[in-house]
Amino acid sequence: MNLHEILQVLTAHDLKQLRTLTPITDRSARKGDLVAALADFLLSGDLGLVWGRLSELEVQAIAEAVHCWGGSFDAVRFGAKYGAVPGHFQSRSWSSLRSDRDAGPPSVLPLFFYQGEIPEDLRPRLAALTAPPMERPIATLTNAQLPATLPSMTREADGSEPLRRVDTEDLVRHDLPAVLRLIGQGAVAVGAKTGLPGSAAVARLEAVLLGGDWYAAGDDQGAERWAGGSIRPIRPFAWPLLLQAGGLAKQEGGKLTLTARGNKALSQPLGEIVAHLFERWQLKGAPDELRRVDLIKGQTAKGARMSAPAERRQVIAAALRDCPVGLWIDIDECFRHMQARGHSFAVTDNPWGLYLCDPQYGSLGRGFAILEARYCLAYLFEYLATLGMIDVAYTLPYFARADYGDAWGTDELQFLSRYDGLRFIRINPLGAFCLGLAGDYRPAAQERRPLFAVGPDLGLTLLRAPEPGERLLLERVGKPSSADLWVLDPDAVLSNSADPAERDRIRDFIESAADAALPPQVRHLLDSVGERAGALVDAGPARLIRCRDPAIAAMLSSDPVTAPNCTRAGERLICVPEPKLAAFRKGLAKLGFVFPETARG
């Protein structure tokens with residue numbers, strides 16, 4: 001709407017209030033005269049007569065609206081960028097602008113903003129009076145600037161606790177194949193309907209993850225469920241969901257099994273697989289990450305009207321693409337940057353339908369901090385960090401964030417979510433590749449000590465403690481004879497080498513983990529396994545047919561209409577491959593024979 005149209009909607013009382021903010025001397029009380037005088041002054045008068053009464057913050061509000069936001073004022077974005085919002089946008093009525101003469105001169109912003117928007121024909125004048133606002137860059141830290149400790153309310157001694165820093169690329173390089181192998185062994189049970197891992201499966205998964213979960217069992221202070229509950233699991237919980245969403249694993253008989261794609265992933269480049277898992281989680285990941293914030297109740301109620309998680313994930317990913325790669329970002333600075341750049345989402349259309357303790361008192365229509373921020377923390381800490389896309393620096397979650405203290409019923413809470421301890425994030429090269437910020441991904445070269453020395457007697461003398469994923473492979477090809485000595489088991493190597501790709505992976509593992517070239521005896525074993533494993537090929541299912549006498553068997557295996565579709569398997573036996581069964585039947589009919597049908601079931 002243009003200025004005249006907007007002024008016509010206002011009452012005469014409102015127009016008189018506006019006139020008091022200007023140098024207009026005409027005291028007419030007629031609405032038409034008031035509209036004409038105000039429009040004439042704002043569209044062609046000397047705005048310098050009122051411009052000097054604007055504070056610097058109010059000038060920036062006009063500049064953001066006319067240069068960046070299409071004439072509208074966005075209080076959330078403005079507050080995130082400037083740390084404050086002009087008082088005018090906190091007022092609820094025209095009269096409140098002049099309700100107290102002792103409050104200082106009234107703001108002149110009401111001359112320019114009407115219901116939070118500048119009229120279309122007024123925008124060019126105001127744009128000429130203001131410079132385009134500068135972007136406020138996101139604040140970052142280098143490795144050296146990252147603090148070693150942070151204040152803590154849970155440590156009585158010195159009031160601080162260590163900041164735990166983890167470079168997650170090393171973790172996912174180990175964890176992804178380790179978890180796939182564990183699933184391949186049928187060791188991960190999940191709920192038939194939910195696909196969620198049970199406590200036993202979580203324990204098995206944690207045992208094969210490099211470094212275990214983000215928090216060890218000893219970190220959990222045993223908070224009652226109503227005060228926050230357990231802070232575990234996080235990483236072991238995420239992996240089965242990520243792999244199911246990515247099509248690398250599926251449910252069969254209450255357990256996860258590897259799909260063909262999952263088996264193939266063991267030999268594919270890490271960046272390719274992680275990028276695929278990230279893309280699939282963005283679109284199809286379930287359940288909703290907010291469901292993991294146990295204290296936020298009402299999420300499954302009919303009136304909750306939760307938004308689609310895929311839409312929220314896309315917004316967060318877009319915000320990450322606005323962040324620099326390789327530098328640490330305080331999580332609250334990340335949230336500020338998200339809001340300032342307009343990367344916004346709502347977890348529900350009805351935040352008052354969600355609550356902490358009692359729906360009558362603890363409803364959550366309270367802005368970004370409780371709902372959207374907690375969703376971001378869960379998404380980042382449980383899924384993107386598990387995938388190795390962001391490095392993390394974190395503390396225990398207990399009293400780590402104080403942004404929920406004003407909500408009713410939170411006096412006894414030790415934290416709002418198990419993810420509250422996430423303090424800093426850093427997009428690493430793998431994350432940059434998955435987010436489309438880099439054209440390719442080249443894993444950093446790993447310097448790892450040899451795992452064992454190989455003897456001519458097939459003995460493997462351990463030179464260091466094996467990582468969890470290495471132990472899985474050791475158990476696949478050998479047997480322990482003492483704490484530091486294993487022995488290659490030829491039968492185990494052969495039985496696990498039926499798949500050519502797995503056979504190559506086993507050989508690569510033994511060669512790369514050894515401290516020197518393999519002895520001739522071990523090379524001979526691996527060569528022999530390769531020859532024997534490839535000596536036989538599964539040609540698929542077939543039908544074995546017994547003929548009445550050898551003459552019929554000879555005829556069927558030589559006649560042009562049946563011979564191409566069968567093979568002589570004995571004096572009276574004919575073997576027909578399943579794919580050729582239909583053609584063999586037709587040939588039999590031409591020769592005057594009927595294919596024998598066996599009753600099934």
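Quick note: residue numbers are just sequence positions, from 1.
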Colleague: Determine whether the aromatic ring centres of residues Phe452 and Trp486 are separated by less than 6.0 angstrom.
Modeller: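 Not under 6.0 Å, so no.
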Colleague: Quick one: does NZ or CZ of Arg312 land under 6.0 Å from the six-membered ring centre of Tyr375, within 45 degrees of the ring axis?
Modeller: yes
Colleague: Does a side-chain N-to-carboxylate-O contact under 4.0 Å join Glu333 and Arg336?
Modeller: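 Here Glu333 pairs with Arg336 in a salt bridge, since their nearest N and O are under 4.0 Å apart.
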Colleague: So, do Leu141 and Ile329 sit near enough that their side-chain heavy atoms are less than 4.5 Å apart?
Modeller: no
Colleague: What I want to find out is whether Arg313 reaches Glu279 closely enough, with some N-O distance under 4.0 Å, to be called a salt bridge.
Modeller: no
Colleague: Could you tell me whether Arg291 and Glu289 make a salt bridge, using a distance below 4.0 angstrom between a side-chain N and a carboxylate O?
Modeller: no
Colleague: Is any side-chain N of the basic residue among Arg374 and Asp403 closer than 4.0 Å to the acidic one's carboxylate O?
Modeller: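 Yes, Arg374 and Asp403 are salt-bridged.
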Colleague: Counting only N and O atoms by type, is there a donor-acceptor contact under 3.5 Å from the side chain of Arg181 to the main-chain atoms of Leu266?
Modeller: no
Colleague: Determine, step by step, whether Tyr419 and Tyr379 satisfy the side-chain contact (heavy atoms from CB on, under 4.5 Å) criterion, reporting the C-alpha distance in whole Å, the side-chain angles of both residues, the deciding distance to 0.1 Å, and the verdict.
Modeller: CA-CA 9 Å; Tyr419 317 104; Tyr379 170 83; over 6 Å; no
Colleague: Taking only Lys NZ, Arg NE, NH1 and NH2, and the carboxylate oxygens of Asp or Glu, determine whether Asp167 and Arg165 approach each other closer than 4.0 Å.
Modeller: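 Salt bridge: yes.
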Colleague: Within the side chain of Glu224, is there an N or O that forms a donor-acceptor pair under 3.5 Å with the backbone of Gly229?
Modeller: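 It does not hold such a pair.
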Colleague: What's the spacing between Arg426 CZ and Asn143 CG if we round to 0.5 Å?
Modeller: 4.5 Å
Colleague: Could you go through Leu176 and Leu270, starting from their C-alpha distance and side-chain angles, then the distance that decides it, and tell me whether this counts as side-chain contact (heavy atoms from CB on, under 4.5 Å)?
Modeller: CA-CA 8 Å; Leu176 178 55; Leu270 176 69; 4.0 Å; yes
Colleague: Is Arg232 salt-bridged to Asp219, cutoff N-O under 4.0 Å?
Modeller: no
Colleague: Does Gln268 CD have over 12 foreign heavy atoms under 6.0 Å away?
Modeller: yes
Colleague: How about Lys297: does its NZ atom have over 12 heavy atoms from other parts shown lying under 6.0 Å from it?
Modeller: yes
Colleague: Do Glu372 side-chain atoms and Val347 backbone N/O form a donor-acceptor pair below 3.5 Å?
Modeller: yes
Colleague: Would you call Glu382 and Arg235 a salt bridge, using N to O less than 4.0 angstrom?
Modeller: no
Colleague: In plain terms, say whether Asp294 and Arg292 are close enough for a salt bridge, that is, a side-chain N and a carboxylate O under 4.0 Å apart.
Modeller: no
Colleague: Look at the rings of Phe73 and Phe89 and say which category their plane angle falls in: under 30° parallel, 30 to 60° tilted, over 60° perpendicular.
Modeller: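 Answer is parallel, since the angle falls under 30°.
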Colleague: Taking Tyr398 for the side chain and Gln221 for the main chain, is one N or O donor matched with an acceptor at less than 3.5 Å?
Modeller: yes
